[in-house]
Amino acid sequence: MKKESSNFEERWSRALQSNYGQPHMTLVSGKGSVVKDSEGRSYLDFLAGIATNILGHSHPAVVSAVRKQVATLGHVSNFYAHPGVIELAEKLQTLVGDPKAKVFFCNSGAEANEAAFKLSRKTGRTSVVATFGSFHGRTLGALSLTGQHSKRDPFLPLVEGVSHVPFGDIAAMKRKVNARTAMVIVEPILGEGGVVVPPPGYLRAIRDICDRTGALMVCDAVQTGMGRTGQWFGYEHEGIFPDVVTVAKGLGGGLPLGAMIALGDASKLFQPGDHGSTFGGNPIACAAALAVIDVLEKDKLLIKVRAHEALIKAEMNSFPGVKIVRGQGLLLGVVLKRKIAYILREALEDDGVLVNAPDPYVIRIAPALNISEKEVRTFMEIFRKNLAGIINA
Ligand SMILES: *Cc1c(COP(=O)(O)O)cnc(C)c1O
């Protein structure tokens with residue numbers, strides 16, 4: 001008799017398109033930072049839906065908020081307001097530190113960046129500067145911003161007017177941005193690009209360049225937002241305010257929700273009819289996001305994130321085979337001395353730990369922000385053991 005899981009995977013490949021490649025595991029349930037597959041095996045989840053299940057799986061506050069909202073008002077069109085979308089937008093105004101900021105809600109990171117791209121056209125300018133190695137999403141507009149050939153090249157021609165400069169290179173940015181630039185879009189830390197941290201002062205320099213040229217500074221905090229780096233949005237350590245912040249991933253705590261937040265004068269650019277989304281600001285997704293933010297605040301999770309970061313860096317930087325742990329908060333890239341990230345990822349999975357390997361040298365970890373110290377220590381022990389097994393083999 002066929003194992004149930006292989007049956008799932010056969011059915012998957014018969015019914016779903018091949019754009020992701022064939023998954024080799026089917027997950028059926030999750031609680032906190034533990035997920036279960038269809039064969040009943042448990043895994044410590046150190047990827048959390050790629051930085052998305054910010055409070056882990058089935059968090060009681062999210063479950064109860066969603067349950068209550070779906071039983072009260074599940075959806076309304078954007079012809080009408082509802083209390084949750086207003087409350088969430090007000091909360092985001094507070095979190096970005098600008099009471100004049102205004103929010104557009106959508107359902108994903110790509111859509112948040114699409115919205116920012118369209119917003120930038122309202123400046124009357126059309127050229128855009130982005131960075132190589134960046135990931136801003138897969139829709140044609142967001143893909144035009146994305147700085148990765150492998151993802152772009154099959155879909156050329158993309159939206160014209162976008163140029164890319166090396167990430168972290170202030171001089172290159174200065175040369176490229178001018179009075180015709182509508183926006184500069186940058187990730188505070190490259191997430192999909194392998195958890196790459198720019199040199200200190202990079203975002204501040206971009207802020208200055210944008211101030212001098214009148215270009216909008218857009219921070220794509222889709223992966224680095226919502227407390228992931230130990231601050232609400234991944235740019236705050238540089239003490240700057242961008243003109244636009246995009247968030248998604250962690251915002252809905254696992255429900256599909258994205259936001260494009262325009263600060264200051266940028267908040268006045270969109271006019272009625274300029275943009276829209278049927279599901280954007282959906283009451284259930286907003287209820288989940290409000291529950292997520294409430295728990296992040298009440299449980300003081302941003303402080304805990306920074307403590308976990310310090311612990312992980314202190315321990316793992318001295319593991320044999322580890323070159324350095326880079327990143328911030330709980331978005332960390334464990335850089336290996338040898339090109340063994342893919343086999344290490346597999347070994348970890350066989351040993352009950354989920355991570356991913358964005359390139360052959362890097363293991364990315366992005367667990368739920370409410371991960372416990374005990375789970376962090378368990379993860380590090382399993383990591384150390386499997387890494388040693390591979391380098392000593
Ligand atoms: C994941 C990601 C996106 C795209 O988000 P989707 O929800 O997959 O469209 C955009 N920008 C960054 C930085 C991301 O990490």
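Counting begins at 1 with the first residue of the sequence. What you see below is based on every heavy atom in this structure, not just the backbone, and it leaves out hydrogens, waters and symmetry mates. Counting starts at 1 for both ligands and their atoms, in listed order.
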**Message:** Only heavy atoms of Ser108, strictly under 4.0 Å: list the atoms of ligand 1 that pass.
**Reply:** 7 (O), 9 (O)
**Asked** Purely on distance, is any nitrogen or oxygen of Glu192 under 3.5 Å from one on ligand 1?
**Response** no
**Asked** Under 4.5 Å between any side-chain heavy atoms of Ser134 and Leu190, yes or no?
**Response** yes
**Heavy-atom side-chain contact between Met25 and Leu354 under 4.5 Å** = yes
**Prompt:** Are Leu344 and Tyr361 connected in a single hydrophobic cluster, I mean Ile/Leu/Val/Met/Phe/Trp/Tyr linked by side-chain heavy atoms less than 4.5 Å apart?
**Reply:** no
**Qualifying residue for side chain to side chain contact (heavy atoms under 4.5 Å, CB included) with Leu331, from Val197, Val305, Val195** = Val195
**Item:** Contacting atoms of ligand 1, where contact means under 4.0 angstrom from a heavy atom of Asp220
**Value:** 10 (C), 11 (N), 12 (C), 13 (C)
**Prompt:** So, do Met226 and Leu369 sit near enough that their side-chain heavy atoms are less than 4.5 Å apart?
**Reply:** no
**Complete:** The protein heavy atom nearest to atom 7 (O) of ligand 1 is Gly109 N, 2.8 Å
**Item:** Closest non-hydrogen atom pair, Ala266 against Leu216
**Value:** CB-CD2, 4.1 Å
**Request:** Give the atoms of ligand 1, by number and element, whose distance to some non-hydrogen atom of Asn113 is under 4.0 Å.
**Result:** 10 (C), 11 (N)
**Complete:** Quick note on ligand 1: atoms under 4.0 Å from a heavy atom of Phe135 include exactly 1 (C), 2 (C), 3 (C), 4 (C), 10 (C), 11 (N), 12 (C), 13 (C), 14 (C)
**Request:** Considering heavy atoms of the protein only, find what lies nearest to atom 9 (O) of ligand 1 and give residue, atom and distance to 0.1 Å.
**Result:** Ala110 N, 2.8 Å
**Request:** Check the side chains of Glu9 and Thr26 for a donor-acceptor pair under 3.5 angstrom, ignoring hydrogens and angles.
**Result:** yes
**Item:** Where ligand 1 meets Glu187 - atom numbers and elements under 4.0 angstrom, heavy-atom basis
**Value:** 13 (C)
**Complete:** re atom 2 (C) of ligand 1, the protein heavy-atom contact at minimum distance is Lys249 NZ, 2.5 Å
